[in-house]
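Beneath this line is the structure, given in structure tokens, with notes to follow.
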Amino acid sequence: MYQGFYNLTSGMLTQQRNLNVVSNNMSNTQTAGYKSDTMVTSTFQEEMLLRTGRVSKGNPQDMGITSKIRTQTETITDYEQGSMEDTGSNLDFAIMGEGFFSVQTPGGVQYTRNGSFMIDDEGYLSISGTSGEGRVLGTDGQPILIKDERFTVDSAGNIYAPKPDPVKKSEDGEEEETEYETDENGNIILPPPERYGQIALTRFEDVSTLHREDNGLYTSPNQGTIVNGQDDSTLIWKHLEKSNVDMVQEMTTLMSSQRALQSAAQMLRMYDQVMGKSSTDVGRL
């Protein structure tokens, strides 16, 4: 009889944790770069059931193995590629393939797939507007200072200043040529644009070592590898990677967990009533 309390209580706790995972996935369907989680469960401890005689307790016979408790083993993150959304914003970036953006935080370097960036109050590319927090790191391990928001970006993550204008206007509005060299045909030779930096794309050989933190960030005890320019890791400018949450699958899991939780609660209430009867009515006999 008491075994039912263990089974039902552990089942309710497990289903409640599963609902928490599912609800977190569903609430982040519109979060750029979000990767869905799946909870894995298993039995807590197996026990051997034995049968003995009513009078003689010797020579017990094995009946089988059972477990009274089911519990959460781990939460697995699905790092499958999400679809791309064209935003047209200079400050939106997406990674096609493997890799993460590296972000400077008070707790050390963390990683994210969310490429919705901004410029902080000191001019650095950042995931937050707070000075000194959440700055995006380049391949040199340093934050990237953006001097002009009219920059351009290539597929390897290099950020370039806008091309210099061969003609500039004076204070009275009249055009005047800048002092640039010209070729033999009289065409102005513009100097190469300034390079602000290169956004680092970091890949991990074993993504299972990544630990999810707040705000879509991850940490890892292992050192990642810079993969800028490789075929399987490409930076797409003015795009965002959508969440890879499958809403149909999440709704199915949600309804299944809710029904299992309700059924376990009803059965637990019945067990409590039966135990109450056994300790009151049967006890009087």
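- At a threshold of 4.5 Å between non-hydrogen side-chain atoms, the residues T253 and V21 do not count as touching.
- Rounding to the nearest 0.5 angstrom, the gap separating the CE atom in M26 from the CD atom in E250 is 7.0 Å.
- Looking only at side-chain heavy atoms (C-beta outward), M39 and T14 come within less than 4.5 Å of each other.
- Separating the CG atom in L254 from the CD atom in Q258 is a distance of 4.0 Å, to the nearest 0.5 Å.
- Qualifying side-chain hydrogen bond (donor to acceptor under 3.5 Å, both in side chains) partners for S220, counting only residues two or more places apart in sequence or in other chains: T209.
- In this structure, S116 and D92 have side chains that are in contact, with non-hydrogen atoms separated by less than 4.5 Å.
- In this structure, Q110 and H211 have side chains that are not in contact, with every pair of non-hydrogen atoms separated by 4.5 Å or more.
- Residues forming a salt bridge (Lys or Arg N to Asp or Glu O under 4.0 Å) with E98 (at least two apart in sequence, or on another chain): R203.
- By the 6.0 Å contact criterion, CZ on R212 is enclosed, its count of non-hydrogen atoms from other residues, nucleotides or ligands being greater than 12.
- Identified under the salt bridge (charged side-chain N to carboxylate O under 4.0 Å, His left out) test for residues 143-161, with sequence neighbours left out: K147-E194, D148-R150.
- Taking OG of S36 as the start and CD1 of I76 as the end, the distance is 11.0 Å to the nearest 0.5 Å.
- The side-chain heavy atoms of T234 and I95, taken from C-beta on, include no pair separated by under 4.5 Å.
- L217 and L201 fall within the same hydrophobic cluster, defined by Ile, Leu, Val, Met, Phe, Trp and Tyr side-chain heavy atoms under 4.5 Å apart, directly or through other members.
- The hydrophobic clustering, which links ILVMFWY residues whose side-chain heavy atoms are closer than 4.5 Å, places V103 and F204 apart.
- Hydrophobic cluster membership is shared by F151 and I199, with clusters built from Ile, Leu, Val, Met, Phe, Trp and Tyr side chains linked at under 4.5 angstrom.
- Between D78 and K35, the closest side-chain pair of non-hydrogen atoms is not below 4.5 Å.
- The closest donor-acceptor contact from the side chain of N114 to the backbone of G33 lies at 3.5 Å or more, if one exists at all.
- Proximity of V136 to F93: side-chain heavy atoms (C-beta onward) are nowhere separated by under 4.5 Å.
- Proximity of F101 to I127: side-chain heavy atoms (C-beta onward) are nowhere separated by under 4.5 Å.
- For T112 (side chain) and G216 (main-chain N/O), a donor-acceptor pair under 3.5 Å exists by modelled atom type.
- When the shell of 6.0 Å around CG of N222 is examined, it contains more than 12 heavy atoms from other residues, nucleotides or ligands.
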